[in-house]
Amino acid sequence: MANALIKSRWLFNRLQSHNHIANRPIRMIDATWGINEAANKLIYQIEHIPNAVHFDIDDCADKNSQFDRTIPSVDDFAYYAGKHCGVSNDHHCVIYDRGGGGFPLMASFRVWWLFRLFSHDHVSILDGGLSSWKSEGLPVTDAIPKFEQTEFVAALRKHLLVTFDDVMDSMNRG
């Protein structure tokens, strides 16, 4: 399993030298999220780490659920990761968001967990997110990267998921 947290300067040096972590190509993922979906995409379009794709928690969710942002099906996650983000099982994903506000790095932790939930161990979080990256004077861009769509094979790790029914059963047992 990969290190959960990666420092900005270390990552920058990797991206500049050979763009790999443990012999796996790096895929940068901007997981910035807020209540306003349109603003999330606009913020990404204005500024992100070079070659980062935008992962939208609202787009990668079970659209048939009565609840917002319910985890997607295995097939829907695999499609989103491979076709929207260009992530294959060979990639090492580094996830970040803007942090700040009431829930610093909340979205990056959610996306990290989703990849883990769907059996991808090669995933890390950028320690401090974009604010840490920028505080070190590292580059940002408004250029939207284009990646080949690829196949991501996902499998649900049920032990990483607790459902509403699981919680209710536990409460009823006392």
Side-chain angles (χ1 to χ4, degrees), residues 1-15 19-22 24-62 67-72 76-78 80-89 91-145 147 152 154 156-157 160-162:
M1 185 166 74
N3 289 340
L5 291 175
I6 292 178
K7 298 289 187 186
S8 296
R9 182 59 63 182
W10 183 88
L11 175 61
F12 177 74
N13 291 337
R14 285 288 174 153
L15 291 168
N19 198 33
H20 282 71
I21 296 175
R24 293 178 176 277
I26 299 169
R27 178 68 76 231
M28 296 297 301
I29 298 176
D30 184 322
T32 298
W33 178 85
I35 300 300
N36 184 322
E37 289 181 51
N40 298 337
K41 290 176 181 157
L42 180 60
I43 290 167
Y44 164 76
Q45 291 169 354
I46 292 170
E47 175 184 71
H48 53 270
I49 293 173
N51 291 316
V53 296
H54 184 244
F55 190 106
D56 189 324
I57 292 172
D58 292 309
D59 283 348
C60 186
D62 180 352
F67 304 107
D68 292 336
R69 293 169 288 288
T70 301
I71 65 164
D76 287 347
F77 183 84
Y80 191 87
K83 304 302 183 218
H84 176 77
C85 297
V87 173
S88 74
N89 298 85
H91 281 101
H92 185 109
C93 299
V94 178
I95 302 163
Y96 71 93
D97 61 37
R98 276 153 177 70
F103 302 99
L105 304 178
M106 176 192 74
S108 56
F109 290 130
R110 168 67 183 247
V111 174
W112 177 89
W113 173 75
L114 282 171
F115 273 98
R116 296 290 320 258
L117 179 67
F118 291 110
S119 299
H120 193 63
D121 288 328
H122 306 286
V123 59
S124 302
I125 294 173
L126 179 60
D127 192 7
L130 185 63
S131 61
S132 174
W133 181 269
K134 288 172 55 177
S135 74
E136 294 199 34
L138 299 174
V140 294
T141 186
D142 62 356
I144 307 299
F147 293 109
F152 182 86
L156 180 65
R157 291 176 169 158
L160 295 179
L161 180 65
V162 177

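Evaluation of the salt bridge (charged side-chain N to carboxylate O under 4.0 Å, His left out) rule for D56 yields K41 as partners, not counting sequence neighbours. Looking at residues two or more places apart in sequence or on another chain, you find a side chain to side chain contact (heavy atoms under 4.5 Å, CB included) between L42 and Q45, I46. Partners of Y80 under the side chain to side chain donor-acceptor pair (under 3.5 Å) rule, at least two apart in sequence or in another chain, are H84. F77 pairs by the ring pair (Phe, Tyr, Trp, His ring centres under 6.0 Å) definition with F115, F118, F152, not counting sequence neighbours. The side chain to side chain contact (heavy atoms under 4.5 Å, CB included) search around P50 returns P139, T141, not counting sequence neighbours. With sequence neighbours left out, the salt bridge (charged side-chain N to carboxylate O under 4.0 Å, His left out) criterion links R14 to no other residue. H54 is linked by a side chain to side chain donor-acceptor pair (under 3.5 Å) to nothing, counting only residues two or more places apart in sequence or in another chain. Under the side chain to side chain contact (heavy atoms under 4.5 Å, CB included) criterion, L138 pairs with S8, R9, F12, W133, E136, sequence neighbours left out. Scanning for side chain to side chain contact (heavy atoms under 4.5 Å, CB included) contacts around R24 gives D90, H92, H122, with sequence neighbours left out. With sequence neighbours excluded, no residue forms a side chain to side chain donor-acceptor pair (under 3.5 Å) with N89. Applying the side chain to side chain donor-acceptor pair (under 3.5 Å) test to K83 and every residue at least two apart in sequence or in another chain returns nothing.
Here the side chains of I71 and W113 are in contact, with some heavy-atom distance below 4.5 Å. Looking at heavy atoms from C-beta onward, P72 lies in side-chain contact with L114 at the 4.5 angstrom threshold. Considering only heavy atoms from C-beta on, I125 stays 4.5 Å or farther from I6 through its side chain. Within the 4.5 Å cutoff, the side chain of H48 has heavy atoms near those of the I144 side chain. Looking only at side-chain heavy atoms (C-beta outward), W10 and L15 stay at 4.5 Å or farther from each other. Contact annotation: the side chain of D30 approaches that of Y96 to within less than 4.5 Å [non-hydrogen atoms, C-beta and beyond]. Considering only heavy atoms from C-beta on, P145 comes within 4.5 Å of V53 through its side chain. When side chains are defined from C-beta on, V123 counts as touching I95, because their heavy atoms get closer than 4.5 Å.
Considering CD1 of I29 and CG of N51, their distance stands at 12.5 Å, rounded to 0.5 Å. Rounded to the nearest 0.5 Å, atoms SG (C93) and CE (M28) are 10.0 Å apart.
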Exercise. Report the C-alpha distance between R27 and V94 in whole Å, list the side-chain angles of each, state the deciding distance to 0.1 Å, and finish with yes or no for side chain to side chain contact (heavy atoms under 4.5 Å, CB included).
Key: CA-CA 6 Å; R27 178 68 76 231; V94 178; over 6 Å; no
Quiz item: For L5 and L126, what are the C-alpha separation, side-chain angles and deciding distance, and is it a side chain to side chain contact (heavy atoms under 4.5 Å, CB included)?
Solution: CA-CA 6 Å; L5 291 175; L126 179 60; over 6 Å; no
Self-check item: Stepwise side chain to side chain contact (heavy atoms under 4.5 Å, CB included) check, V140 with K134
Solution: CA-CA 8 Å; V140 294; K134 288 172 55 177; 3.8 Å; yes
Quiz item: After noting the C-alpha distance and the side-chain angles of D97 and R110, does the key distance pass the salt bridge (charged side-chain N to carboxylate O under 4.0 Å, His left out) rule?
Solution: CA-CA 11 Å; D97 61 37; R110 168 67 183 247; over 6 Å; no
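Across every non-hydrogen atom of F147 and C85, the tightest pair is CD1-O, 4.5 Å. Residues A107 and A31 come closest through the heavy atom pair CB-O, 2.9 Å. What you find for I26 and L11 is that their closest heavy atoms are CD1-CD1, 4.1 Å.
No side-chain donor-acceptor contact under 3.5 Å links R98 to the backbone of G129. Although no hydrogens or angles enter the test, the distance criterion places a donor-acceptor pair under 3.5 Å between the side chain of S131 and the main chain of G128. No donor-acceptor pair closer than 3.5 Å links the side chain of N19 to the backbone N or O of P25. Judged by distance alone, the side chain of S124 and the main-chain N or O of N3 form a donor-acceptor pair under 3.5 Å.
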